[in-house]
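Every chain is numbered from 1, with letters handed out A, B, ... down the list of sequences. Values reported hereafter were calculated over all heavy atoms of this structure, with side chains retained and with hydrogens, waters and symmetry mates removed.
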Amino acid sequence: MPELPEVESICRMLRDRICGRMVSDIEVMLPRIIRRGRLEDIIGSKINSVFRRGKFICFEMDNNLRMFAHLRMTGTFLWRNDLTSTPSHVRVEIKLDNGCLLYRDVRTLGGIWVVKDGYTPWKRLGIDPLDGGFTPEELQLRLHDRRIAIKQALLDQSLIAGIGNIYASEVLWNAGIHPTRSAATLNIEETTRLRNSIVEILSSSLASGGTTFRDFQLSDGRDGAFQDLLKVYAKEGLPCLKCRSAIRRIVQAQRSTYFCSVCQQ
DNA sequence: CCAACGTCCTGCGTGC
DNA sequence: TGCACGCAGGACGTTG
């Protein structure tokens with residue numbers, strides 16, 4: 001499940017390959033992946049820039065067109081210099097003048113939007129954790145009136161944009177905060193710890209993203225080096241790395257949460 | 001406004 | 001062995 005570090009890593013690697021290149025052809029194998037607009041409209045366009053907004057990827061074209069992509073659970077972009085060996089589950093092919101960009105998505109929950117005005121595929125997008133404005137005070141401001149569990153608040157993209165289910169558990173363990181705590185009950189010390197854990201974990205994961213995705217084999221996040229950095233996610237029953245007590249798993253809002261009931265209060 | 005829940009989708013692991 | 005079932009979860013629409 002690509003979260004901020006994975007999506008940012010993908011953007012950075014796509015940038016070198018496709019910026020300045022022209023779209024020569026399009027093939028859509030699964031039409032419902034295209035959520036808005038017609039992908040064929042970008043044929044003949046040159047790609048000016050690639051950037052990330054939360055977990056969305058934005059491709060900016062030279063003729064006022066934009067293509068957004070969201071990878072959801074299993075989406076990924078693969079680069080091929082030629083199409084001699086096509087991987088499975090490729091839903092969209094975007095042929096450029098120097099190779100081919102493949103959108104691969106096993107569970108097909110992801111989507112692509114093609115727009116020409118100021119339309120964005122998101123409703124409300126919260127602050128980016130790697131943005132300079134993401135201060136403890138800013139986080140406190142966004143959490144102080146939320147009575148939902150802090151774990152759920154971290155997953156709310158309209159509050160903070162980019163954290164997914166894996167890093168939500170990791171961040172709370174790092175900050176020593178219990179996942180079921182109401183977001184509004186965090187004091188400024190705890191909020192500061194949480195803010196620092198978010199920045200630290202996302203940054204370090206991003207830093208190791210380069211090695212994870214070398215050869216442009218971008219995976220769904222479970223296959224990469226990030227797996228080795230995880231401290232609690234999917235570690236139920238294993239000893240906590242701080243206190244050795246067993247990591248527990250609970251379900252919050254139909255999603256798994258992993259935590260240490262001793263270290264996290 | 002907030003909060004909770006259903007929906008979409010397929011590969012894989014489990015149990016009988 | 002084969003099959004049915006449940007689980008994984010991101011974002012949005014609907015409902016309360």
Side-chain angles (χ1 to χ4, degrees), chain A residues 1-8 10-11 28-37 52-58 68-77 87-92 102-113 115 119-129 140-172 179-186 198 202 205 218-224 226-227 230 232-237 247-259:
Chain A
M1 49 229 62
E3 305 181 28
L4 186 153
E6 290 82 2
V7 176
E8 179 64 30
I10 290 170
C11 278
V28 178
M29 288 76 129
L30 188 63
R32 61 179 161 77
I33 290 292
I34 313 301
R35 306 298 179 87
R36 185 185 178 95
R52 176 188 60 81
R53 287 288 178 269
K55 299 179 212 169
F56 288 88
I57 301 173
C58 179
F68 291 98
H70 197 295
L71 309 175
R72 288 286 186 103
M73 297 299 298
T74 55
T76 189
F77 280 102
S88 60
H89 303 104
V90 172
R91 312 304 185 183
V92 171
L102 307 178
Y103 177 70
R104 179 177 190 264
D105 192 344
V106 172
R107 277 188 248 169
T108 73
L109 291 172
I112 290 174
W113 295 255
V115 302
Y119 176 91
T120 57
W122 54 79
K123 300 293 286 183
R124 289 198 316 275
L125 213 49
I127 190 167
D128 194 292
Q140 179 91 322
L141 191 66
R142 288 168 182 266
L143 296 180
H144 83 277
D145 60 344
R146 293 310 196 102
R147 284 181 293 182
I148 54 173
I150 184 61
K151 158 66 161 27
Q152 291 170 248
L154 290 177
L155 293 178
D156 187 337
Q157 303 298 297
S158 69
L159 295 176
I160 309 166
I163 299 174
N165 203 48
I166 294 174
Y167 290 114
S169 285
E170 294 296 314
V171 156
L172 288 170
T180 62
R181 286 271 302 279
S182 165
T185 66
L186 268 62
I198 292 170
L202 294 182
S205 296
L218 313 177
S219 69
D220 66 3
R222 290 189 182 196
D223 304 324
F226 292 144
Q227 176 90 348
L230 301 179
V232 287
Y233 184 82
K235 308 280 188 194
E236 184 179 18
I247 295 299
R248 292 180 51 195
R249 184 186 85 97
I250 57 173
V251 175
Q252 296 179 276
Q254 285 95 327
R255 291 173 180 86
S256 291
T257 303
Y258 299 87
F259 71 105

With side chain to side chain donor-acceptor pair (under 3.5 Å) as the criterion, how do T76(A) and R104(A) come out once you've worked through the C-alpha distance, each side chain's angles and the decisive distance to 0.1 Å? CA-CA 5 Å; T76(A) 189; R104(A) 179 177 190 264; over 6 Å; no
Which residues share a side-chain hydrogen bond (donor to acceptor under 3.5 Å, both in side chains) with [X], sequence neighbours left out:
X       : value
R181(A) : T185(A), E190(A)
R91(A)  : none
Y103(A) : D105(A)
R32(A)  : T108(A)

If you take any heavy atom closer than 4.0 Å to DNA chain B, which residues from residues 145-159 of chain A end up in contact? R146(A), R147(A), I148(A), Q152(A)
Work out how much the helix from dC2(B)-dG16(C) to dC16(B)-dG2(C) bends between its end axes, five pairs an end, to the nearest 10 degrees. 50°
Roughly, in whole Å, what's the span from [atom1] in [X] to [atom2] in [N]?
X       : N       : atom1 : atom2 : value
E6(A)   : dG10(C) : CD    : P     : 11 Å
H144(A) : dC2(B)  : NE2   : P     : 11 Å
I160(A) : dA11(C) : CD1   : P     : 13 Å
N165(A) : dA8(C)  : CG    : C1'   : 9 Å

According to side chain to side chain contact (heavy atoms under 4.5 Å, CB included), who are the partners of [X], at least two apart in sequence or on a separate chain?
X       : result
C11(A)  : R15(A), V50(A), R52(A), I57(A)
Q140(A) : I188(A), T191(A)
H70(A)  : K55(A), F56(A), R72(A), W113(A)

Would you indicate, yes or no, if dC7(C) has its OP1 or OP2 atom less than 4.0 angstrom from a side-chain nitrogen or oxygen of S256(A)? no
Among residues two or more places apart or on two chains, list those pairs meeting salt bridge (Lys or Arg N to Asp or Glu O under 4.0 Å) that have a residue in residues 158-169 of chain A. none
Please tabulate, one pair per line, all N/O donor-acceptor pairs under 3.5 Å involving side-chain atoms of residues 145-152 of chain A, not counting sequence neighbours.
residue : atom : partner : partner atom : Å
K151(A) : NZ   : N165(A) : OD1          : 2.8
K151(A) : NZ   : T257(A) : OG1          : 3.0

Does R142(A) reach a base, just sugar-phosphate, or nothing at all? Heavy atoms under 4.0 Å. nothing
With the side chain of K123(A) defined as its heavy atoms from C-beta on, choose the nearest nucleotide among dA8(C), dG13(C), dA11(C). dG13(C)
Is E236(A) reaching over with its side chain to a backbone N or O of Y258(A), donor-acceptor style, under 3.5 angstrom? no
Scoring nucleotides 5-12 of chain B by protein non-hydrogen atoms under 4.0 Å (B base, S sugar-phosphate only, - none) yields SS-BBBS-
